[in-house]
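Basis for what follows: all heavy atoms, side chains included, without hydrogens, waters or symmetry-related copies.
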Amino acid sequence: MVALSRFLCPCWAVVLVWLLGLSLVDCFFPEFPVTIKLSVAPAVGISILAITFHIFSLFGAGIKTGTVFLVILAIILLARSWSELLELVTSSVREKGDILRWAVPILIIVLVHWAVYTYPTDNVDNFFHATKIEYMLRYDTTYPPVVPIFNVLTYPAGYHSLASFVMILSGEEVIPKIMLELRLWAWAFLAMGIYALSYIWLGRKVANYTLLAMLGVNLLHYYLLVYIAPNFLGFYFFAVLLALFVKMGEKLDMKKYLILVLISVGAVLVHPYSYQNYVFVALVYLVLRLLSESLSVRRFIFLLKRAFILFVIPLFIHAVINPYVWFPSLAHVKLEYPWASSVSVVVSKLSVFRGKNPRDTWWYFELFTRWATVRNDNYLGVLFMILGGTYLVYKREFRRKGLSLVVFFAFVMFLILDRLTINVPVPFYSTAAIERMFLWLVPVFPLFVGAGLFWFGEIVSKPAVREISKKILYLSIVGAFFLIPAVGTAHDLLAAEANFYVRADNLEDFRWISINFPNVTVLNSCTLDSAQWMPFFEPQGNITVMFNSRIKRCRIWNMTPSKFAAKLLNESQILPGYIAYIDTNAPSLNPLDFFQKYRLLRVNGNNWIFDLSSLDTSMNEKTAALALRLCEDSIPGNTERYGKYFVYGFKKKYFGVRSMYLEGLEYAWMGGRKGIVGFAPCKDYRGLLIELYSFTEQAINVTVNGKPVLKDFELKAGENRLEIPVTLPEDRLTFVSLSVESGPLLIREIKLLADS
């Protein structure tokens, strides 16, 4: 596995963690079928990994030494249980069929995401998590002594420990590559966890339907792309913990309790929300069990003892390996996440939390509830979800479990409505934004839908109707359940992924800068800017980026990139060892301001690179003209294909633009009051015809190479055509500037008018 991770794919390092857990699951739960052993094993392996990294860090041994220890431990455990694991391969015919029904849907889920995922390079969550991984690797510990922002210190390190392990074992240095792989693994794990929960709670047949339901549940489509790394891994832990919880019988089997406590600690280290949600559902289950049985002191003490072992001991273990509990002075910061700091801070901050996220609005609540229900014609999904919830409460053998999940669903909805109205603090649970609260239901919805699909099959099979008619009816409805959301998937889903900031041209320039300008400092635009990710993709280049939105909040000495650039340009300063990297994929610094002052090194697609140590502009026009050469008679508004010509003021990576393109509307989106289009035509032209759409009536001014050609022209709301007579010489670099009163504008096409 180590060799495969180094020479073939880093993903094999995750397989090693999986096998590490599999040997223990097979030992402690020999009665489990193969599919459940395979589904639970990653949670055990990741928990061992995270705990090991924290303990080794606590005693100063480091996570690299912890990695060596884990490899040795895996070898020992695999050698010890090798014969038992071989029996999994030679399983019965029925088990092989179960493995196939388990593996194929999971593989499809992973392939769907693999087909659409790009590097996880947005500017908030993923940048933060990449920074956490970077500092853990830099200081060889889960508790780095120096951090760029306090959350990196206090955020639970379970996910980051897994990423660090994969990087150390595989030798991979590019953090976003590993984060991309873990996005796919997390979807596989999530499917495994939901399958295990459904299998153990409801049986093998319902579990198969539940796994299939993950392909049709629209809430998962909503987060098909907008993925939150530790949360999704946490959802997997939530499902596995509940699955194993009900296996704890009347007799205290300490081996099984040990595994459950181990995974509980792992859940806290990955993301505590998943653990606290598991505790809620489990407590509801225990209360319902107590109420349904004969009440007695002995019974109450037994359940209390079980609750102590399952819910209190994991928190105690977490406290033992978390120095912030011992030394609150280390965490002299405000707290954003449960149990990330000292007990005093937790109690004082989280128990009375009344904060509100900007998205905590009725409009946003309506948005994600529609996503989970009727969006994309997902009416059948809602029907099966309601049917499944009813089935779980109706069936006596499932009633206690079904009610536990229904109460959890009701509790989450209460939390959301409470936040939107009176906002009474509920300790720990009220700290999340309403969108995150709603996401807690991600593992529950497929289970409800799977139960609904199963019950529907039972209902159809009962009437005295010809067997062929039953099958046709069943296949038609179930087929529609999967096909309608798949065909109707909203374009803004794919657009959201296309909105991520690092693309092929960015990677080319990152490498070019790393090779030609090692140890350079980069002036960048910051907001919606790919340059922030340059040090992550070129770690050997020792590149320093001046501005980033997550850590420095786009500030240096209280100066924004635009203010810094204005001061630099006004004073014509020379900065040796500095370049300007201007990514025009989003409204940014204006490259033409630098074009007049500094040496242009390179124009590659949407990126302009300037040498801030040189005021030699003699070759700038030639360099830009070669890059912006236009041998067609028009510049269509599709910025995916013609984006390099829209050099300033246009939203190219903005998901709204991509969504328009998927809808068949190809416009260039000028987001503010000014936009610049640049090109060097291959022949002479006599004028321009600009087709654009204005949202309001407003005046527009147009200049060509700084000369006014259209002044205070009144645009009407809707489509407009502007014909502008102007000489456009062959191979001459031309810049067309559009200025409006308020904006925005949508540019359909700019046609170059040739002589008749």
Side-chain angles (χ1 to χ4, degrees), residues 118 491 494-495 498-509 528 530 582-588 590-592 595 600 602-609 623-672 674-683 685 687-694 702-705 719-724 726 728 730-738 743-754:
T118 58
H491 291 132
L494 294 174
N499 192 41
F500 280 38
Y501 311 123
V502 176
R503 295 179 177 172
D505 58 343
N506 304 122
L507 293 175
E508 289 176 7
D509 287 333
L528 305 180
S530 64
I582 302 175
D583 181 350
T584 66
N585 271 296
S588 61
N590 188 346
L592 298 191
F595 187 76
L600 177 63
R602 176 181 172 100
V603 179
N604 179 33
N606 298 290
N607 311 315
W608 295 58
I609 306 174
T623 301
L626 286 173
L628 299 179
R629 188 168 173 79
L630 177 66
C631 295
E632 300 178 30
D633 292 332
S634 69
I635 304 175
N638 187 325
T639 53
E640 287 192 338
R641 295 179 58 193
Y642 298 91
K644 66 179 182 179
Y645 300 112
F646 296 89
V647 300
Y648 175 70
F650 292 88
K651 297 182 177 182
K652 305 176 196 177
K653 289 182 182 174
Y654 184 56
F655 74 91
V657 177
R658 172 66 172 162
S659 182
M660 283 195 309
Y661 296 163
L662 293 171
E663 296 282 355
L665 304 172
E666 297 193 347
Y667 290 89
W669 188 318
M670 193 178 93
K674 183 177 181 180
I676 300 174
V677 181
F679 56 92
C682 289
K683 61 181 181 181
Y685 291 92
L688 295 169
L689 176 63
I690 304 176
E691 298 180 357
L692 57 84
Y693 182 94
S694 177
V702 181
T703 67
V704 176
N705 290 330
E719 298 283 352
N720 294 267
R721 290 166 59 92
L722 311 179
E723 186 167 348
I724 303 170
V726 62
L728 303 173
E730 177 184 354
D731 292 330
R732 169 72 189 278
L733 186 62
T734 301
F735 293 107
V736 180
S737 176
L738 310 173
L745 289 180
L746 299 177
I747 311 298
R748 179 193 291 274
E749 189 175 25
I750 299 177
K751 296 180 179 179
L752 281 61
L753 304 176

As an exercise, state the distance from [atom1] of [X] to [atom2] of [Y], rounded to the nearest 0.5 Å.
X	Y	atom1	atom2	result
M670	L745	CE	CG	4.0 Å
L733	F679	CG	CZ	9.0 Å
N585	N607	CG	CG	6.5 Å
R602	E508	CZ	CD	6.5 Å
T584	N590	OG1	CG	10.0 Å
L746	N720	CG	CG	11.0 Å

[X] versus [Y], closest heavy-atom pair with distance:
X	Y	answer
G678	F735	CA-CD2, 3.7 Å
N638	E666	ND2-OE2, 3.2 Å
G637	F646	CA-CZ, 4.2 Å
E632	Y642	OE1-OH, 3.2 Å
D505	N604	O-ND2, 3.4 Å
G671	P744	O-CB, 3.8 Å

Between [X] and [Y], is there a donor-acceptor pair closer than 3.5 Å when you use the side chain of the first and the backbone of the second?
X	Y	value
Y661	T639	yes
K651	V657	no
D509	N506	no
K683	A754	no
Y645	R629	yes

Query - Results of side-chain contact (heavy atoms from CB on, under 4.5 Å) for K751 - residues two or more places apart only - result: S634, L689, E691, E749
Close side-chain approach of [X] and [Y], heavy atoms under 4.5 Å:
X	Y	value
I690	L738	yes
I750	V736	no
V726	T734	no
V647	V677	no
I747	I635	no
I582	Y648	no

Query raised in the report: When the ring planes of Y654 and W669 are compared, do they come out parallel, tilted or perpendicular, using 30° and 60° as the limits?
Result: perpendicular
**Report entry** Set of side-chain hydrogen bond (donor to acceptor under 3.5 Å, both in side chains) partners for D633, sequence neighbours left out
**Finding:** Y685
